[in-house]
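First the proteins, then the strands, lettered A, B, ... as listed; each starts at 1.
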There are 2 protein chains.
Amino acid sequence: MLFTTATGYALRALAGLPEDGSFCLAKDLAARLDIPGPYLAKILQGLVQSDLLESVRGPKGGFRLTRPAHRITVGEVVAALEGPDSLDGCIMGFPTCGGDHPCPLHEAWGAVKAQVATSMTQATIRDLQLMDLRHLKEAKDRSGGSRP
Amino acid sequence: MLFTTATGYALRALAGLPEDGSFCLAKDLAARLDIPGPYLAKILQGLVQSDLLESVRGPKGGFRLTRPAHRITVGEVVAALEGPDSLDGCIMGFPTCGGDHPCPLHEAWGAVKAQVATSMTQATIRDLQLMDLRHLKEAKDRSGGSRP
DNA sequence: TTAATTTAGGACTAATCTGTCCTATTGTAT
DNA sequence: ATACAATAGGACAGATTAGTCCTAAATTAA
């Protein structure tokens, strides 16, 4: 996949938080979205430092979005997890690709990057919520419960 | 980058082989393209098993293409190094993305994948040769010789 | 105040990718 | 035959990512 699994987990988690702004426990999110609990906790803590989430410790604590879902773009989340320039660089890894030495895929990949970047800045967490992430857990349950 | 560094090395190496069909030593290629020698040797051995290169051991040995450069596509090389389905899967890593549960980037990414796939099957090693890879080594020399 | 709950943060393990090293094995030349 | 040069292949080391585990700190409730 183009993004890391941690980024995918972060996107799922943000979309899985309750829309009413109430706090949600990391372990509940993890169970509902079928993500390894301690790993998701780490990722959520990072999102707090990136100011996309806020957290409260102790009973009745948890995580919630710092902004409404429609005001957090997918691009922001990707940038927080993978840095702001994750799409830069030659698709083939040629260190000198560009300008006067374009690789054969330079132009095609440039157009593609622009399109992906645009999509990422337009798509928001709200769009992800519309995906109905419940089927993630259901798909796991149907496929036989415990994994090896 | 979208591909692994090993794939990038493989593409550079194939493009760097002499066009007259003569055999070329792994270490010469590595020095000319500024790629770690033993690692490149491993990659070239894999390309032999993928039938993109043929090799001869001993003095006067080395590697050469099994086919003319214009008959080896970038897609073949990528498939040999990363498997035939390296572009499949949801860009965000959603395991259930597709069909009735598309992610917000599903459509854009689908179009992008098709475009990249097409470019990869159209671009050949010959196109890479036209890049003039000599500047890789020159760029390294200019930037101060030994790396940390 | 005490106990329970939950995030914060660091250390640790496992897997993969990148890269190195050493020892065959094969081929050429003397 | 012998020495030498090159690929073949495996074991090994380092870096990064994925994931686990344990302890500390903060908050609530009794």
Side-chain angles (χ1 to χ4, degrees), chain A residues 1-13 17 22-31 33-66 78 80-83 86 89 93 95 147-148, chain B residues 1-13 17-18 22-31 33-66 78 80-83 86 92-93 95 146-148:
Chain A
M1 103 185 80
L2 185 59
F3 304 135
T4 66
T5 74
T7 300
Y9 289 167
L11 290 167
R12 280 196 232 169
L17 290 172
S22 61
F23 286 92
C24 178
L25 299 187
K27 65 177 179 184
D28 292 348
L29 250 186
L33 301 178
D34 191 21
I35 296 175
Y39 193 36
L40 178 60
K42 275 250 147 66
I43 293 168
L44 295 179
Q45 286 163 23
L47 292 172
V48 169
Q49 300 208 333
S50 301
D51 215 44
L52 293 172
L53 288 182
E54 56 189 345
S55 64
V56 167
R57 301 201 246 200
K60 303 289 177 187
F63 298 87
R64 73 174 174 193
L65 301 177
T66 54
V78 172
L81 271 287
E82 308 187 7
S86 61
R147 270 209 250 261
Chain B
M1 101 186 84
L2 184 58
F3 304 136
T4 65
T5 74
T7 300
Y9 290 166
L11 289 167
R12 280 196 233 170
L17 289 172
S22 61
F23 285 91
C24 178
L25 300 186
K27 65 177 177 183
D28 291 348
L29 250 187
L33 302 178
D34 191 21
I35 296 174
Y39 193 38
L40 178 61
K42 276 252 143 69
I43 293 168
L44 295 179
Q45 287 162 24
L47 292 172
V48 169
Q49 301 208 331
S50 301
D51 215 45
L52 293 172
L53 289 182
E54 57 189 344
S55 64
V56 167
R57 299 201 248 200
K60 303 292 177 186
F63 298 87
R64 72 174 175 194
L65 301 177
T66 54
V78 173
L81 271 286
E82 307 187 9
S86 61
M92 292 189 183
S146 64
R147 268 208 252 262

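A:A41 comes within 4.0 angstrom of no nucleic acid atom, judged by non-hydrogen atoms across all strands. Using a 4.0 Å heavy-atom distance criterion, B:P38 is classed as a base contact. At a threshold of 4.0 angstrom between heavy atoms, the contacts of A:Y9 are confined to the sugar-phosphate backbone, with no base atom among them. Counting non-hydrogen atoms under 4.0 angstrom, A:L25 reaches the backbone sugars and phosphates but no base. At the heavy-atom level, A:E54 lies nowhere under 4.0 Å from the strands shown.
Nearest-nucleotide positions on DNA chain D for A:K60 and A:Y39 put A:Y39 closer to the 5' end.
Proximity of A:S55 to the phosphate of C:dA8: a side-chain N or O atom is located under 4.0 Å from OP1 or OP2.
At whole-Å resolution of the value, CD1 in B:I43 and C1' in C:dT18 are 9 Å apart. Computed from coordinates, the B:L53 CG to D:dA6 C1' distance equals 15 Å when rounded to whole Å. Atom C1' of nucleotide C:dA8 and atom CG of A:L47 are separated by 14 Å, given to the nearest angstrom. Rounded to whole angstrom, the span from the CZ atom of B:F3 across to the P atom of C:dC17 amounts to 15 Å. Between A:L44 atom CG and C:dT7 atom C1' there is a gap of 10 Å when expressed in whole angstrom units. Atoms NZ (A:K42) and C1' (D:dT20) sit 9 Å apart, rounded to a whole Å. Atom CZ of B:F63 is separated from atom P of C:dG27 by 14 Å (rounded to the nearest Å).
Here C:dT18 is the nucleotide among C:dT18, C:dT7, D:dA5 with the atom lying nearest to any side-chain atom of B:T4. Counting only heavy atoms from C-beta on, A:Q49 has its side chain closest to C:dG9 among C:dG9, C:dG19, C:dG10. Comparing D:dA11, C:dG9, C:dT6 by their closest approach to the side chain of A:Q45 singles out C:dG9.
Exactly one of A:Y39, A:F63, A:Y9 qualifies for a side chain to side chain contact (heavy atoms under 4.5 Å, CB included) with A:L44. That residue is A:F63.
With hydrogens and angles ignored, no donor-acceptor pair under 3.5 angstrom links the side chain of B:R57 to the base of C:dT26. Residue B:K27 places no side-chain atom within donor-acceptor reach of the base of D:dT7, judged by atom type and a 3.5 Å distance cut-off alone.
Atoms CG and CG, from B:L81 and B:L47 in turn, are 6.0 Å apart once rounded to the nearest 0.5 Å.
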### Task
Kindly indicate, with the supporting measurements, whether the criterion side-chain contact (heavy atoms from CB on, under 4.5 Å) is fulfilled by B:L33 and B:L40.
CA-CA 10 Å; B:L33 302 178; B:L40 178 61; 5.6 Å; no
### side-chain contact (heavy atoms from CB on, under 4.5 Å) evaluation trace for B:I35 with B:L29
CA-CA 8 Å; B:I35 296 174; B:L29 250 187; over 6 Å; no
### Task
Report the C-alpha distance between A:L52 and A:L65 in whole Å, list the side-chain angles of each, state the deciding distance to 0.1 Å, and finish with yes or no for side-chain contact (heavy atoms from CB on, under 4.5 Å).
CA-CA 6 Å; A:L52 293 172; A:L65 301 177; over 6 Å; no
